[in-house]
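What's counted below: heavy atoms across the whole structure, side chains too, no hydrogens, waters or symmetry copies. This chain uses plain numbering: 1 for the first residue, then up along the sequence. Here the structure is a predicted model, which is why all the values come from computation and not from measurement.
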Amino acid sequence: MTIAFPNGFNCPLYTRAVLLMRNRYFADAEQVMRSSLAYEGETALSYHYLAEIVASRPGRIGEAITLQETALSLAPSNSVFIAALGSRLKDGGFDRQALETLETALSIDENSPIALPLIMRLRRKFLAWERAAQEQRCLESVKQAGHTPDPLALLTYLDDPQVQLDNARLRAPKPKRAKPTPHDPGAKIRIGYFSSDFYEHPTMHLFRGALKAHDREKFEFFVYDLLPKDRSEESAFVREFADHYRDVSDLTAEAIANLSVRDKVDIAIDLKGDTFASKQEIFAHGAAPVQVSFLGFPGTTGMDMIDYMIADHVTIPRGAERYYSETILRLPNCYQPNSNCRHVPEGRNTRSDYNLPQDKFVFANLNNTYKVGPREFATWMKILKRTPESVLLFYMGKDDLSDVIAQKTEAHGVDPDRIIPCGALPQADHLERIAQVDLCLDCFSYNAHTTASDALWAGVPILTLAGKQFAARVASSILSAAHLSDLSVKSEELFIDKAVSLAKNPDEIMRIKHHLREQRFALPLFDTEAWTRDFENALHQIYHETQSAAGS
């Protein structure tokens, strides 16, 4: 057995399988590659490509991992096969093992084309970064090697909207055909929502109230579910909400676009962007005469086929349109919807229920760890040093990162006992825990989004730093719609000073909390019905503009 077939070896089955794979005929490619293994012999490369073929098939990632391990057993020191195994492990949800495997690949080849684009986000997830310079070097290596980083990950490292646009354009699927011409006007405007997040997901936590408030007399709603989940309350709600619910999980992107065209959808709304379990190719095939990017991805898609992006005057201020490939459609308040029908913290719990001290000022970072880098962590440690009677509630997600958090805290000269790690909770319990906090501290390049709204809904202020790109300005937009714009600052120094000032001024914290709790249902941020009317007005606008253009 060798890595590849020897030169001159006759392997037509293998050659045909690779060609089929590269042309995305995966079912045929798998059959031919298995025949090659049976009749032409086993090589590490054959198993490597078979793993790639199988990984492309839904629900078979475990089998792909086993095949990749077989490839690696035949070539144990090959960095490509090691990195590919890391990629498969990540796709299978084995993130810790994936990180270790990718680090091994990079120790052999520091410019590994597979490992480099994946490693940074995993280092963030497990707080396995060293310092900002390490991340910068990795980004430079990725750029020099011509890779296109995961756009969600890139948002966390760089607050640079031009870099985000350039990366999005490189990754964006190219147009496959023209969008359909506008359909003849019907009794209602037909809206298509496309997502894989129609379940217990932050998108639904935000959007459920607006879906419920939609004007059913003027709009007809089609839901295209890319990845149906078990029948949770949220997924059941979506099925009930939809005038037409489509499970499209087994369809190709082209077939989904064709279905949308047959449904005569007027406006296709992509609620995913370039994120997990998305299918941007749907919109490259033209699912509707007008296609809109909204909510799921906090940045530009870079796609020529996406016409509009929903924003507001804070997330994309005047003059910043050049960083977005879409036409910007601004809502009058915050672009982000919020559901005012969700659980309201009742104040029955106490700090002791969440391992929080009664006599300390409680800061909190409740962002996912992939948003937390050396810059944020160092800033928070400076705040703790200047406020000795404070602690930091630190969200770890589903992983136990207590030891690494303690190590990093101690390295900054702060007592690790002042950091209180916490994990995931159901939504209602999560809101009750937030209500025990004094002040949430935001991340910078990629702000708290749903998390920021959660905090304000729970009656707790969040301090943010307004950056340049959309993802770095969302919390500022949310605070503006909550009439708390003074909690958005413009530099790390001001961020530190403001946090310290608030920690030493309990009366001001109580004033802000009183404002949030007393005005909860009156603030523009949580006026779901008004937000929905504004959103529908925007849909009306683009629909009638498209109809007018078609008739001219």
Side-chain angles (χ1 to χ4, degrees), residues 52 54-62 64-65 84 86-99 102 114-115 117-126 147-157 164 167-168 170-173 193-207 223-230 232 234-235 238 247-253 256 269-284 293-303 306 367-372 397-399 424 445-446 448-451 470-471 474:
E52 184 173 341
V54 169
S56 71
R57 312 292 288 166
R60 297 180 65 186
I61 189 62
I65 291 171
S87 177
R88 305 282 171 243
L89 288 166
K90 181 181 182 298
D91 290 342
F94 304 102
D95 284 356
R96 280 192 184 272
Q97 298 97 310
L99 176 59
L102 293 169
I114 299 174
L118 296 175
I119 195 74
M120 293 178 67
R121 186 177 174 94
L122 286 173
R123 284 174 177 165
R124 279 286 183 99
K125 178 176 182 178
F126 296 107
H147 304 315
T148 55
D150 170 3
L152 270 178
L154 189 62
L155 288 173
T156 67
Y157 311 128
Q164 306 299 345
N167 188 65
L170 288 172
R171 291 176 60 93
Y193 285 124
F194 297 74
S195 183
S196 56
D197 297 332
F198 296 120
Y199 64 100
E200 298 292 336
H201 184 277
T203 293
M204 283 304 299
H205 294 160
L206 292 173
F207 204 27
V223 167
Y224 300 88
D225 197 338
L226 307 180
L227 191 66
K229 298 283 187 177
D230 294 335
S232 66
E234 295 288 9
S235 60
V238 169
D247 176 349
V248 295
S249 55
D250 291 332
L251 299 183
T252 65
I256 297 169
I269 300 178
D270 177 17
L271 294 170
K272 286 296 294 181
D274 191 352
T275 59
F276 175 74
S278 64
K279 284 186 178 179
Q280 284 188 297
E281 293 85 358
I282 295 168
F283 310 101
S293 176
F294 171 56
L295 191 61
F297 180 72
T300 185
T301 64
M303 287 185 66
I306 297 292
N367 290 286
N368 283 310
T369 51
Y370 70 81
K371 296 183 181 181
V372 181
K398 297 179 180 179
D399 300 289
S445 294
Y446 192 151
H449 294 181
T450 307
T451 300
F470 188 107
V474 168

For [X] and [Y], work out which heavy atoms get closest and say how close.
X    : Y    : result
G296 : P298 : O-CD, 4.1 Å
P151 : F297 : CB-CZ, 3.7 Å
A172 : G302 : CB-O, 3.5 Å
V474 : A448 : CG1-O, 4.2 Å
A55  : I61  : CB-CD1, 4.3 Å
R96  : D399 : NH2-CB, 4.1 Å

I want to check something: taking the side chain as every heavy atom from C-beta on, are [X] and [Y] in contact at a cut-off of under 4.5 Å?
X    : Y    : value
F470 : Q164 : no
F198 : V223 : yes
R171 : Q280 : no
K279 : K272 : no
S249 : D225 : no
L226 : I282 : yes
F283 : M303 : yes
S87  : L118 : yes

[X] side, atom [atom1]; [Y] side, atom [atom2] - distance, nearest 0.5 Å:
X    : Y    : atom1 : atom2 : result
M204 : T450 : CE    : OG1   : 12.0 Å
T451 : N368 : OG1   : CG    : 6.5 Å
L271 : S196 : CG    : OG    : 9.5 Å
T300 : I306 : OG1   : CD1   : 9.5 Å
L102 : Q97  : CG    : CD    : 11.5 Å
F276 : L152 : CZ    : CG    : 12.0 Å

Review point. Between K90 and D95, does at least one N-O distance fall below 4.0 Å, as a salt bridge requires?
Key: no
Practice item. List the steps and the verdict of side-chain contact (heavy atoms from CB on, under 4.5 Å) for R88 and F94. Key: CA-CA 9 Å; R88 305 282 171 243; F94 304 102; over 6 Å; no
Practice item. Run the numbers on E200 and K229 for side-chain contact (heavy atoms from CB on, under 4.5 Å), then give the verdict. Key: CA-CA 9 Å; E200 298 292 336; K229 298 283 187 177; over 6 Å; no
Exercise for review: Specify whether F194 and Y224 have parallel, tilted or perpendicular ring planes, treating 30° as the upper limit for parallel and 60° as the lower limit for perpendicular.
Suggested key: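 Parallel: the ring planes of F194 and Y224 meet at under 30°.
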Is there a donor-acceptor pair closer than 3.5 Å between any side-chain N or O of [X] and the backbone N or O of [Y]?
X    : Y    : answer
H449 : A471 : yes
D274 : D150 : no
T156 : K371 : no

Point to revise | Cation-aromatic face contact R121/Y370, 6.0 Å, 45 degrees | key: yes
Check your understanding: Y193 and F207: aromatic ring centres closer than 6.0 Å?
Key ->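 For Y193 and F207, the ring centres are under 6.0 Å apart.
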